[in-house]
Amino acid sequence: MRCPGSTPGLATQDIHTRRGGKRDEELILPINSSLSVTLHQDQLKTTTTAVISKDFTEDRIWLNGREEDIGQPRIQACLREIRRLARKRRSGDEEDLLPLSLNYKVHIASVNNFPTAAGLASSASGYACLAYALAQVYGVKSDLSEVARRGSGSACRSLYGGFVEWQMGEQADGKDSVARQVAPESHWPELRVLILVVSAEKKLTGSTVGMQTSVETSPLLRFRAEAVVPARMAEMIRYVKERNFQGFGQLTMKDSNQFHATCLDTFPPISYLNDTSRHIIHLVHRFNAHHGQTKVAYTFDAGPNAVIFTLDDTVAEFVAAVRHSFPPESNGDKFLKGLPVKPAPLSDELKAALGMDPTPGGIKYIIATQVGPGPQILDHPHAHLLGPDGLPKPTV
Ligand code: ADP
């Protein structure tokens, strides 16, 4: 099973709140709706294998080759939810299902081909893939938004491909807090995404803890969720549908900036951006000012790494500007990963307009990608991460 990474287009910082009362303790419900762009699995992906067997004595999970604690509440919530759905389906009128036992234990192995827990949304990709793989194993055919959401809120947006909205919903039980596709992967073929990896290190403030503190202490966040995001969601969906890059790019940047303003408004404050992130912000604005229009846009999630949106005709020049401003230290040939980008000359006028002292090594590498599809089933046995004994294959 392969699942895509996803990246925020708007308001993607999923602020989860646990609504009071015991019944709701496990629900991950956002305080605002959000929209994300599904990244292409040819460049960023999670691969997950799940197997059930009467021979297994306990549920187990391996992540990136290392066994993890299966007792983690979010993994448990996903397992419980998928088994509940499987039970419901079988107690319905579909008795022709395979006679698999819901009491069998499950083994799960998963790998991300990009840094885990570094602010590149591995949790979204990982839990979407987990939900999808478990649904295959347990024969669940219903919508998986809720299963994925129980793992990581943003994971519900990684199940459909293309441009996806997570509607916050109104019901206390969260049943209407679901994701839906706004436009398919093929909708905007010229759109490109560049991930500027500033740090692949594990982040200091986990997103969930950080967001919880923001919800509790930031009045700006409350204002943003109630008064700003609803109108922006409608506006953003319109820009996507119209393929209006000017509108899409500007709103994406404004929304990223406002999210990071709420981080500063949190008490004690949270800062996900670092000096390099701020340099990237200046670079983008100067690049756009030089061209007299919004040709590139940035958004930052809960980490210092930038996600850049642009169109295919601008990629080469912008990458040249990044190389100029952040000369690669030692990995010149490995600086650019993913989609090929032709070398482009940088005019003296643009160099002068960027007007920044170069910061060697500020950006570790760039991943060039585009909009991609939702989860894919990998039929080939070679692709499976677990061997016939139910343990990770040695290469994993
Ligand atoms: P990120 O910015 O990468 O989403 P988080 O700290 O929010 O960082 O989430 C990382 C956590 O998500 C991991 O510690 C792990 O618990 C979970 N996770 C990441 N990848 C996977 C995966 N492939 N399968 C299951 N869980 C995963």
Side-chain angles (χ1 to χ4, degrees), residues 1-8 12-16 28 30 34 36 38-39 41 44-50 59-79 81-82 106-135 137 144 147-159 195 197-214 256 259 263 270 272-273 277 299-307 367 375-376 378 383-386 392 396:
M1 186 73 42
R2 242 174 27 180
C3 272
S6 72
T7 198
T12 59
Q13 284 64 33
D14 309 306
I15 317 297
H16 312 138
I28 296 182
S34 55
S36 68
T38 312
L39 301 182
Q41 296 165 33
L44 291 113
K45 63 170 183 267
T46 295
T47 308
T48 299
T49 301
D59 293 332
R60 294 175 76 180
I61 184 166
W62 291 263
L63 175 56
N64 297 325
R66 283 186 45 191
E67 184 152 18
E68 298 268 317
D69 176 13
I70 191 82
Q72 290 172 53
R74 288 172 171 231
I75 298 176
Q76 285 298 315
C78 286
L79 281 172
E81 187 60 21
I82 203 85
V106 65
H107 282 194
I108 301 157
S110 185
V111 289
N112 301 319
N113 77 340
F114 60 97
T116 298
L120 293 174
S122 71
S123 51
S125 176
Y127 280 109
C129 208
L130 181 66
Y132 204 84
L134 289 174
V137 165
L144 296 174
V147 185
R149 204 190 74 218
R150 294 292 182 92
S152 165
S154 46
C156 70
R157 292 185 315 231
S158 289
L159 287 167
I195 297 161
V197 178
V198 171
S199 166
E201 303 282 300
K202 215 172 162 203
K203 53 199 181 191
L204 281 178
T205 312
S207 334
T208 309
V209 176
M211 287 164 191
Q212 207 59 41
T213 316
S214 298
S256 172
F259 164 68
C263 292
I270 300 167
Y272 291 117
L273 306 181
S277 319
T299 180
F300 294 82
D301 202 339
N305 303 313
V307 175
I367 308 170
Q376 311 284 313
L378 301 172
H384 296 179
L385 303 177
L386 294 167
V396 176

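In listed order, ligands and their atoms are each counted from 1.
- The two residues Ile75 and Ile61 make their nearest non-hydrogen contact at CD1-CD1, 4.0 Å.
- By the salt bridge (charged side-chain N to carboxylate O under 4.0 Å, His left out) test, Glu201 is found to be paired with no residue, residues two or more places apart in sequence or in another chain being considered.
- When the options Ser110, Ser152, Ala128 are ranked by their closest heavy atom to atom 23 (N) of ligand 1, first place goes to Ser110.
- Without hydrogens or angle criteria, Ser256 side chain to Phe300 main chain gives a donor-acceptor distance under 3.5 Å.
- When the options Gly119, Ser123, Gly126, Ala109 are ranked by their closest heavy atom to atom 4 (O) of ligand 1, first place goes to Ser123.
- When heavy-atom distances to ligand 1 are checked against a 4.0 Å cut-off, Leu120 comes that close only through its backbone atoms N, CA, C and O.
- Distances shorter than 4.0 angstrom occur between a heavy atom of Gln72 and an atom of ligand 1.
- By the 4.0 Å heavy-atom criterion, Leu130 is excluded from the residues contacting ligand 1.
- The part of Ala118 lying near ligand 1 is the backbone, judged by heavy-atom distances below 4.0 Å.
- Under 4.0 Å from ligand 1, the heavy atoms of Asn112 that appear belong solely to its side chain.
- Taking each heavy atom of Ile70 and Gln76 in turn, the nearest pair found is O-NE2, 2.7 Å.
- In terms of polar-atom proximity, Thr116 is not counted as a contact of ligand 1, lacking any N or O under 3.5 Å from an N or O of the ligand.
- Across Arg74 and Gly151, no two heavy atoms sit closer than the pair NH1-O, 2.9 Å.
- The side chain to side chain contact (heavy atoms under 4.5 Å, CB included) search around Ala50 returns Val106, Ile108, Ala133, Leu134, Val137, not counting sequence neighbours.
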